**Q** 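Sharing a structure with you now.
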2 protein chains.
Amino acid sequence: MDKKSGADPGHRLNTKVKIEDVAREAAVSAATVSRVLNHPEIVRPELRDKVARAIANLSYTRDSAARALKSGRMRTIGAIVPTLGLGIFAEGVEALQNRLSESGYTLFIANSQYDQRRELQEMQSLIERGIDGIVLVGGSHGPELRALLRQANVPVITTYVSKAQGGIPAIGIDNQRATRELTQYLLRLGHVRFGTIANVPPSNDRSRARLEGIQKALAEAGIHLQPTQIVRADHSLAQGRSALRQLMNDHPDITAIICTTDTLAIGAMAEARKMGLDVPQYLSITGFDDVELSAQVDPPLTTISIPAAEIGRGAADYLINAIAGMPIPKSVQLPHRLIMRASTAPPRTKSSTPRRTTTKSSPKRR
Amino acid sequence: MDKKSGADPGHRLNTKVKIEDVAREAAVSAATVSRVLNHPEIVRPELRDKVARAIANLSYTRDSAARALKSGRMRTIGAIVPTLGLGIFAEGVEALQNRLSESGYTLFIANSQYDQRRELQEMQSLIERGIDGIVLVGGSHGPELRALLRQANVPVITTYVSKAQGGIPAIGIDNQRATRELTQYLLRLGHVRFGTIANVPPSNDRSRARLEGIQKALAEAGIHLQPTQIVRADHSLAQGRSALRQLMNDHPDITAIICTTDTLAIGAMAEARKMGLDVPQYLSITGFDDVELSAQVDPPLTTISIPAAEIGRGAADYLINAIAGMPIPKSVQLPHRLIMRASTAPPRTKSSTPRRTTTKSSPKRR
DNA sequence: TTGTACGCGTTATCAC
DNA sequence: GTGATAACGCGTACAA
């Protein structure tokens, strides 16, 4: 494999231009070149210019490996998200990367597929890479991961949740409070019989918090959800459809369905339409996330909006500050917004609203 | 934990454990530890075990910076995508990362927002980071970027297109051929009057190729598209809606609308429904990408499916092979698939199909 | 203000 | 099969 010819130390044909070459070209020492690069203000202007020209001439770029070795800093942040397939995560990652890029950081991305074992592996790999900070999602992380983090002594922040857990600070929204408010809104509309479609990838604490928020609000109103009123589903449109069907079969009297995700809600709406159940006249449906589509479906979906870009930016700022030794908050709770659109309405009354609707034709009297 | 050395060194808890420490713990030389790590098979089993235990004990992880400095390899790949917001890109990146991870590589991600200047900046930054390979999207890249690539001598591959451009090999589908086939399908159904909604972020050659494919197929059938039959739009549902409205106002006789993107198509369908134009009885609409939603909308969308995951995996394999000096193909064309769903049908005949439809009620005789 | 000399952690190449 | 050693390229005390 390695044909080892003494004359060829590097593997690349490409003449790797190093700091020494620049020094020679500019007739200064390597130390001066380094100074121009790192502390330009302490170098005499004329020399500085000469060096700068030499750098440009040879189009020199410093070797980041050597730099990192010497300084112990990689100027690199890692992020592990469950999946990029979710627009809400993709948006956050994008904002994160943009903000990091502005500050001279580069972003390693990895995905765990909601699997704690994979998350641990990726974390291991990132730490070996010498990352200066790490962004996680959610608060469900195994003890090994936390131990690893502690040992590596790497600043970390978790996102899309608002409460620190296991010593990991968080930036995001209060999921439980959000669904609680949403549920209270439905209660105010007069709904009494509810169904819930909850997405349950293992280790998804956001979803759990959302479900708890629903139950809490209902409990406060003296309503208790039967197990069959809570359908658990994978996070897909198709599962939203089948969940709705199951829910309406088991509990035909339900008037409002709360989904822990827009995707599930949109699937549920599609199925409701197919079953001839008018939304929102016959059935109110709500989502969570406020994805782009939610404003465009018919009827537009009532949902909770998450400030994903702000979360990404905030995570970047947090880590940059933490690395710089600046004071940092424990956790940051960002505001969600309840977006009231047309998929919710007061519950049907037994007499007034037919189960089967023809078109959006004549709205019933109410 | 370690009582013998406890007295003297007085180190902090988070002292970086290096290969020497492991060597001492295992009573071997540092070289042997390195060998256990890199070529375990040439070390005597008993020693190997001892070293392995020492590594575990001290939970040693090698310093990748030093490793990179020595080897000249960062074991790092960079990817610059226009945006992660597009499911199709997110899916590709995810597959890319997974495959890279299996091979011990880590992925830097950056996004360009369809801006060549930003792409150049990010590329600059990635090259300074010493990445071993780079993944791009599409074939529209400025000459500076190509010069940069050549000079850095970094293996590169571009994705979602099938033809090498400017010396950059590609892996993806033939966008032009795909829309050509799709258009031919519509022609076979009997359509003669077409409208097109094309997304046009600057520098998006995929979209351009798709549009060309449409025009080519139509030209072959002796049909020429007026400028007003081609509406250009940003890549959003809302723009799809307004584009459809504009198209149908300018050309009420259109029977088929080809969109260069599912998102646009779904927006167009929503607006068609709102205008009372039945799809597909009155109007056929097609998309491109086959996003999850497309199978779930009503009616399910006829579209082109892109093997995004395969593209991501293929790009990873290509770079890994290129870095290892293995033989690599010039470009790889992956198959797309024409997915015929229910948003397309033969064109309406003047008499038989009413413009306003009530529901999906009784299908008209034909 | 500038130059010299050394160390960072790892690994390939020797000699044993 | 294993131990010692010399790079890899940069940053920075320290000397000048």
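Since the structure is predicted, the reported quantities are computational estimates derived from the model, not experimental observations. Letters go in sequence order (proteins before strands), and every chain restarts at 1.
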**Q** How far does the helix from C/dT1-D/dA16 to C/dC16-D/dG1 bend, going by the axes of its first and last five pairs, to the nearest 10°?
**A**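 End-to-end axis angle for the helix from C/dT1-D/dA16 to C/dC16-D/dG1: 40°, rounded to 10°.
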**Q** With a 4.0 Å heavy-atom cut-off, tell me which residues in residues 52-65 of chain A come close to DNA chain C, sorted by residue number.
**A**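 The stretch gives none, as no residue of it lies under 4.0 Å from the strand.
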**Q** Output all residues satisfying side-chain contact (heavy atoms from CB on, under 4.5 Å) with A/Ser71, sequence neighbours left out; order by chain, then residue number.
**A**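 side-chain contact (heavy atoms from CB on, under 4.5 Å) check on A/Ser71 returns A/Arg73.
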**Q** Please name all residues satisfying ring-ring contact (aromatic ring centres under 6.0 Å, His included) with A/Phe89, sequence neighbours left out, ordered by chain then number.
**A** A/Tyr160
**Q** Run the ring-ring contact (aromatic ring centres under 6.0 Å, His included) test against B/Tyr318 and tell me which residues pass, sequence neighbours left out.
**A** none
**Q** Rounded to the nearest angstrom, tell me the gap between atom CZ in B/Arg73 and atom P in D/dG9.
**A**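 To the nearest whole Å, that distance equals 15 Å.
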**Q** Measure CG/A/Leu69 against C1'/D/dC8 and give the value in whole Å, please.
**A**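 For the pair A/Leu69 CG and D/dC8 C1', the rounded distance is 9 Å.
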**Q** So for atom CD, which belongs to A/Glu102, do other residues, nucleotides or ligands contribute more than 12 heavy atoms lying within a distance under 6.0 Å?
**A**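 It does: A/Glu102 CD has more than 12 such atoms within range.
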**Q** Which residues within residues 37-45 of chain A lie with some heavy atom under 4.0 Å of an atom in DNA chain D?
**A** A/Asn38, A/His39
**Q** What residues, two or more places apart in sequence or in another chain, satisfy side-chain contact (heavy atoms from CB on, under 4.5 Å) together with A/Ala309?
**A**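 With neighbours one apart ignored, the set is A/Glu91, A/Ala95, A/Arg313.
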**Q** Does any donor atom in the side chain of B/His141 or B/Glu119 lie under 3.5 Å from an acceptor atom in the other side chain?
**A** yes
**Q** Rounded to whole Å, please give me the gap between CE in B/Met74 and P in D/dC8.
**A** 18 Å
**Q** Rounded to whole Å, how long is the line connecting atom CG of B/Asp21 with atom P of C/dT10?
**A** 9 Å
**Q** Whole angstrom is fine here: how far is it from NZ in B/Lys50 over to P in D/dG1?
**A** 17 Å
**Q** Going by side-chain contact (heavy atoms from CB on, under 4.5 Å), name the residues that satisfy it together with B/Gln124, two or more places apart in sequence or in a different chain.
**A** B/Glu128, B/Leu148
**Q** Taking salt bridge (Lys or Arg N to Asp or Glu O under 4.0 Å) as the definition, give me every residue that meets it alongside A/Glu94, ordered by chain and number, with sequence neighbours left out.
**A** none
**Q** Less than 4.5 Å apart, side chain to side chain, heavy atoms only: is that true for B/Leu120 and B/Arg117?
**A** no
**Q** Got more than 12 heavy atoms from elsewhere within 6.0 Å of CD, B/Gln113?
**A** yes
**Q** Using a 4.0 Å heavy-atom cut-off, does A/Ile19 contact any base of the nucleic acid, only the sugar-phosphate backbone, or nothing at all?
**A**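 Touches sugar-phosphate only.
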**Q** Extract all donor-acceptor atom pairs below 3.5 Å that involve side chains of residues 40-54 of chain A and protein atoms in other chains or at least two apart in sequence.
**A**
from	atom 1	to	atom 2	distance (Å)
A/Arg48	NE	A/Pro40	O	3.1
A/Arg48	NH2	A/Val43	O	3.3

**Q** May I ask you to test the B/Ser64-A/Met74 pair for a side-chain heavy-atom distance under 4.5 Å?
**A** yes
**Q** Who passes side-chain contact (heavy atoms from CB on, under 4.5 Å) against A/Ala316, sequence neighbours left out?
**A** A/Leu96, A/Arg99, A/Leu100
**Q** Please list, for nucleotides 3-7 of chain D, all pairs of protein and nucleotide N/O atoms separated by less than 3.5 Å.
**A**
from	atom 1	to	atom 2	distance (Å)
D/dG3	OP2	B/Ser29	N	3.2
D/dG3	OP2	B/Ser29	OG	3.2
D/dG3	OP2	B/Thr32	OG1	2.4
D/dG3	N7	B/Arg35	NH2	2.7
D/dG3	O6	B/Arg35	NH1	3.3

